[in-house]
Amino acid sequence: MARVKHAVSSRKRTKRLLKKAKGAWGKRSKLVRRARETVFRGMAYATRDRKARKRDFRRLWVTRIRAGCEAEGMMYSRFIAGLKAANVTLDRKILADMAATDAPAFKELVELAKSSK
């Protein structure tokens, strides 16, 4: 039986790793061991920050809705409770967009929330 060497597969694996580390600085994009550390750490940060992005956007949306509510003289918590009582199923992303770009429609939602509590 012929002897199996791993030159092709290991070179392919190394090339794939170095391609992922392409933007790194200095030896971190040239040497395999340093590149592996860099890529693995970057993947861990990417996983962590995908979850953090969701939190950050929700915080931004709540801030925009709160500003729109305060302009109409209503508290954020009462606004959300009023919308739930009125069976309005718009999410915070859409509400924040309305508060920032479409003030008359948002004002109607505030009036609806006031009347339904």
Side-chain angles (χ1 to χ4, degrees):
M1 184 174 270
R3 179 176 166 212
V4 176
K5 297 183 180 181
H6 298 289
V8 175
S9 58
S10 66
R11 187 163 42 249
K12 186 176 178 183
R13 192 167 46 243
T14 300
K15 281 178 66 175
R16 189 170 56 224
L17 179 77
L18 290 176
K19 186 176 178 183
K20 287 181 183 176
K22 196 167 87 169
W25 190 81
K27 292 180 180 181
R28 296 163 75 100
S29 65
K30 306 284 190 279
L31 304 181
V32 174
R33 188 177 295 174
R34 301 271 172 92
R36 182 176 295 121
E37 292 169 0
T38 302
V39 168
F40 286 175
R41 186 172 294 123
M43 290 165 64
Y45 288 154
T47 302
R48 179 195 69 187
D49 292 339
R50 274 195 304 276
K51 301 212 176 273
R53 185 185 331 143
K54 294 170 181 61
R55 290 192 299 263
D56 291 342
F57 270 108
R58 185 178 172 101
R59 188 179 302 137
L60 174 67
W61 297 333
V62 168
T63 303
R64 288 180 177 171
I65 296 169
R66 169 174 251 117
C69 289
E70 287 177 359
E72 299 298 325
M74 188 173 200
M75 290 174 53
Y76 169 80
S77 58
R78 295 195 191 271
F79 175 67
I80 294 295
L83 288 182
K84 285 188 181 175
N87 290 326
V88 176
T89 57
L90 294 173
D91 61 356
R92 284 167 176 80
K93 179 180 178 180
I94 301 300
L95 289 172
D97 186 48
M98 287 176 71
T101 61
D102 193 6
F106 189 76
K107 186 174 185 175
E108 288 181 26
L109 284 175
V110 170
E111 295 303 322
L112 180 67
K114 281 182 183 176
S115 65
S116 64
K117 54 173 185 169

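For the numbers below, each heavy atom of this structure counts, side chains included, while hydrogens, waters and symmetry mates do not. Please read all numbers here as calculations on a predicted model, not as lab measurements.
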Please enumerate all residues that pass side-chain hydrogen bond (donor to acceptor under 3.5 Å, both in side chains) together with Tyr45, with sequence neighbours excluded.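 Partners of Tyr45 under the side-chain hydrogen bond (donor to acceptor under 3.5 Å, both in side chains) test: none.
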Tell me who clusters with Trp61, hydrophobic residues only, linked when side chains sit under 4.5 Å apart either directly or through other members.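 Other cluster members: Phe57, Leu60.
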Return the set of residues passing side chain to side chain contact (heavy atoms under 4.5 Å, CB included) with [X] (not counting sequence neighbours), or none when no residue passes.
X      : result
Ala105 : Met98, Asp102
Ala86  : Val88, Leu112, Ser116
Asp91  : Lys93, Ile94
Arg33  : Glu37

Taking salt bridge (Lys or Arg N to Asp or Glu O under 4.0 Å) as the test, write out the residues that go with Arg59, two or more places apart.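 Scan of Arg59 (salt bridge (Lys or Arg N to Asp or Glu O under 4.0 Å), adjacent residues dropped) gives Asp56.
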Output all residues satisfying salt bridge (Lys or Arg N to Asp or Glu O under 4.0 Å) with Asp49, sequence neighbours left out; order by chain, then residue number.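 Asp49 satisfies salt bridge (Lys or Arg N to Asp or Glu O under 4.0 Å) with no other residue.
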I'd like to know if Phe40 and Leu31 are part of one continuous hydrophobic network [Ile/Leu/Val/Met/Phe/Trp/Tyr, side-chain heavy atoms within less than 4.5 Å].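 The answer is no; the residues belong to distinct hydrophobic clusters.
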Let me have the donor-acceptor pairs involving side chains of residues 12-28, under 3.5 Å, with sequence neighbours excluded, atom names and distances please.
from: Thr14; atom 1: OG1; to: Ser10; atom 2: O; distance (Å): 2.8
from: Arg28; atom 1: NE; to: Thr38; atom 2: OG1; distance (Å): 3.4

[atom1]/[X] to [atom2]/[Y] distance, rounded to the nearest 0.5 angstrom?
X      : Y     : atom1 : atom2 : value
Met75  : Glu70 : CE    : CD    : 9.0 Å
Arg50  : Lys54 : CZ    : NZ    : 7.0 Å
Lys107 : Met74 : NZ    : CE    : 13.5 Å

With ring-ring contact (aromatic ring centres under 6.0 Å, His included) as the rule and sequence neighbours excluded, what pairs involving residues 74-102 come up?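 Of all non-adjacent pairs touching residues 74-102, those that pass ring-ring contact (aromatic ring centres under 6.0 Å, His included) are Phe79-Phe106.
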For Ala99 and Arg64, work out which heavy atoms get closest and say how close.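 Scanning both residues, the minimum pair turns out to be CB-O, 3.8 Å.
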If you look at every heavy atom in Arg92 and Ile80, which pair is closest and at what distance?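 Looking at all heavy atoms of both residues, the shortest contact is NH2-CG2, 3.7 Å.
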Test side-chain contact (heavy atoms from CB on, under 4.5 Å) on Leu83 and Leu109; report intermediate values, then the result. CA-CA 8 Å; Leu83 288 182; Leu109 284 175; 4.2 Å; yes
